[in-house]
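Counting convention: from 1, in listed order, for ligands and their atoms alike. Source: prediction; values computed, not measured.
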Amino acid sequence: MDDAGFERRHIWHPYSAMDAPQPVHHVERAKGVWLHLADGSRMIDAMSSWWCAAYGHAPDALVQALKSQADLMPHVMFGGLTHAPAISLARKLVAVLPDGLDRVFYSDSGSVAVEVAVKMAVQAQIAAGHPARTALATVRGGYHGDTWKAMSLCDPDTGMHSHFGLAVSAQHFVARPPIAFDADWPEALAQNGLAEVEALFSRHGDRIAAFVIEPVVQGAGGMRFYHPAYLQGLRALCDHYGILLIFDEIATGFGRTGKAFAMDHAQIRPDILCLGKALTGGMMSFAATIATGNVAAMIGQGSPSALMHGPTFMANPLACAVAGAAVDLWQSRDWSADARRIGTQLRAELGPVAEHPDVSDLRVLGAIGVIEMRAPLPMAKVHAFCARQGVWLRPFGRLLYTMPPFVTAPEEISRITATMRAIARGL
Ligand SMILES: *Cc1c(COP(=O)(O)O)cnc(C)c1O
């Protein structure tokens with residue numbers, strides 16, 4: 001059996017069926033914005049490989065950091081041991097995050113970072129004398145990962161809930177944040193607050209440990225951008241009802257939305273923050289959950305006073321070293337300016353399709369461009385067309401979107417937007 005045949009028969013891809021494999025491209029090498037395929041062709045990675053490769057693939061500084069660390073110490077357990085890459089990375093994260101977010105927990109992936117955040121919140125509430133506060137609340141339209149608790153916080157309709165029946169924990173959902181990012185935030189809303197959230201908190205607040213939300217950008221749950229004032233209202237309500245606020249910045253962190261972190265649009269701070277994806281510049285799976293001293297102190301009152309989580313590969317030195325180098329790389333230049341430059345170009349070049357009858361919405365924020373169609377896109381056709389154009393896009397449902405690496409040059413952005421316009425107008 002050749003490789004392609006073996007792969008189709010034996011290897012699962014994300015959200016795929018073994019008996020009906022979707023077409024896949026065989027990538028041999030990735031450097032900068034380019035994916036080099038086995039057939040000799042190449043494609044611009046307009047997805048940053050799902051938000052990860054923010055600085056392009058395999059930046060020299062990150063590859064070097066990985067090699068140096070591999071020579072020294074690829075891994076040691078983190079129970080009872082520590083090492084320079086973990087300490088140095090935590091110092092860097094604490095320095096770039098808003099004041100007060102400074103208690104760092106390392107884990108293996110974004111979903112696990114969300115699990116850890118939720119565990120922190122529930123343990124903190126129980127330890128602080130609120131044993132009934134074990135439920136979670138969130139908005140519809142979110143995406144927080146594929147592990148059980150994280151999945152239970154994803155949109156209940158567009159997420160995966162229906163496939164798992166009663167095995168999915170029931171959480172409290174409120175409507176999506178109602179006002180778009182660049183729309184006016186009506187005075188009425190500002191005054192009367194977030195009525196549905198307030199009603200939920202006043203009825204069930206004493207059983208809710210935390211509210212979990214992606215600040216400003218709802219990613220894989222629908223690629224929507226909402227008004228930062230929502231977060232300010234939410235912060236005030238959480239404070240009033242003693243509910244911890246968890247921000248999932250796994251997709252939005254490190255400049256993607258045009259600010260360093262999406263929470264900077266609202267200038268507020270959560271109690272617990274999740275980072276992942278671009279944390280390692282897309283080099284490897286790794287994540288961090290960062291809490292305030294207050295959350296750590298709440299957990300500390302409990303018995304045991306320990307946070308009960310500890311992955312085998314916690315603080316893996318290779319991942320910490322790469323992430324440390326990635327934070328350095330991020331700080332070496334104003335990448336948010338690149339995000340804004342890319343956003344300006346996306347807005348200008350995608351603009352012409354906004355009026356197309358098959359397009360229901362066009363939106364751009366930072367270096368994220370989204371065309372929402374009225375009907376689902378023909379995936380197989382799009383897959384083949386993108387390969388011919390040399391642009392890697394991976395729409396889902398009615399959403400055709402790009403979040404290219406910050407290093408993508410203007411002529412490469414034009415190639416992405418031309419491909420998107422052609423898809424939106426119908427292949
Ligand atoms: C990707 C993502 C996750 C899950 O991260 P994994 O590394 O895939 O487990 C969680 N939250 C958000 C907002 C994400 O974009």
Side-chain angles (χ1 to χ4, degrees), residues 12-16 45 47-54 105-121 136 138-156 158-161 168 171 176-177 210-226 231 245-257 259 261-263 265 270 272-290 309 311-314 316 319-320 322-323 326 365-368 370 394-397 399 401-404:
W12 257 302
H13 284 260
Y15 315 108
S16 73
D45 186 354
M47 307 299 293
S48 293
S49 279
W50 276 341
W51 310 89
C52 295
F105 190 102
Y106 296 121
S107 63
D108 330 55
S109 75
S111 303
V112 176
V114 172
E115 299 289 337
V116 170
V118 166
K119 276 187 157 183
M120 282 179 177
L136 303 168
T138 186
V139 288
R140 289 178 178 271
Y143 177 78
H144 297 285
D146 289 358
T147 53
W148 285 102
K149 279 289 178 207
M151 180 174 71
S152 75
L153 294 161
C154 297
D155 188 272
T158 66
M160 292 158 283
H161 293 216
V168 184
Q171 312 292 10
R176 282 194 279 118
F211 197 101
V212 184
I213 190 168
E214 296 154 277
V216 178
V217 173
Q218 294 190 288
M223 300 298 292
R224 292 190 188 87
F225 314 143
Y226 64 86
L231 297 170
L245 182 56
I246 298 174
F247 280 176
D248 178 349
E249 291 236 24
I250 290 165
T252 52
F254 302 103
R256 178 56 64 183
T257 68
K259 300 263 191 199
F261 296 93
M263 63 185 156
H265 291 282
I272 303 170
L273 175 73
C274 301
L275 297 175
K277 292 199 163 119
L279 175 61
T280 57
M283 293 272 292
M284 58 224 293
S285 183
F286 188 59
T289 307
I290 301 115
H309 201 88
T312 305
F313 280 93
M314 184 167 180
N316 170 251
C320 287
V322 171
L365 177 67
I368 311 167
V370 183
R394 178 118 178 122
F396 64 88
L399 295 167
Y401 62 105
T402 181
M403 53 277 191

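- Under a 4.0 Å criterion applied to the non-hydrogen atoms of Ser111, ligand 1 contributes the atoms 4 (C), 5 (O), 6 (P), 9 (O).
- Of all atoms in ligand 1, numbered sequentially from 1 with element shown, those under 4.0 Å from a heavy atom of His144 are 10 (C), 11 (N).
- Inter-residue side-chain proximity for Ile213 and Phe247 is flagged as met; some heavy-atom pair is nearer than 4.5 Å.
- Considering backbone and side-chain N/O atoms, Val112 never comes within less than 3.5 Å of an N/O atom of ligand 1.
- When each atom of ligand 1 is checked for a heavy atom of Gly145 under 4.0 Å away, the hits are 4 (C), 10 (C).
- Within the 4.5 Å cutoff, the side chain of Ile246 has no heavy atoms near those of the Pro270 side chain.
- Atoms of ligand 1 found under 4.0 Å from any heavy atom of Gly110 (numbered from 1 in listed order, with element): 4 (C), 5 (O), 6 (P), 7 (O), 9 (O).
- By the 4.5 Å heavy-atom criterion applied to side chains, Val139 and Gln218 are counted as neighbours.
- The contact set between ligand 1 and Asp248, taken as ligand atoms under 4.0 Å from a residue heavy atom, comprises 10 (C), 11 (N), 12 (C), 13 (C).
- Between Met223 and Ile368, the closest side-chain pair of non-hydrogen atoms falls below 4.5 Å.
- Short contacts between ligand 1 and Ser109, defined as distances under 4.0 Å to a heavy atom of the residue, involve ligand atoms 7 (O), 9 (O).
- Side-chain contact between Thr252 and Val216 is absent, with no heavy-atom pair separated by less than 4.5 Å.
- When heavy-atom distances to ligand 1 are checked against a 4.0 Å cut-off, Glu214 comes that close only through its side chain, counted from C-beta outward.
- Taking 4.5 Å as the limit, every side-chain heavy atom of Met160 sits out of range of all side-chain heavy atoms of Val168.
- Heavy-atom contacts of Ala251 reach the following atoms of ligand 1: 15 (O) (cutoff under 4.0 Å).
- Looking at Lys277 next to ligand 1, an N or O pair under 3.5 Å apart turns up.
- Residue contacts with ligand 1 for Trp50 are absent, since no atom lies close enough (heavy atoms, distance under 4.0 Å).
- Looking at Ile250 and Trp51, their side chains never come closer than 4.5 Å, going by heavy atoms from C-beta outward.
- Leu153 has its side chain out of reach of Asp248: every pair of non-hydrogen atoms, C-beta onward, lies at least 4.5 Å apart.
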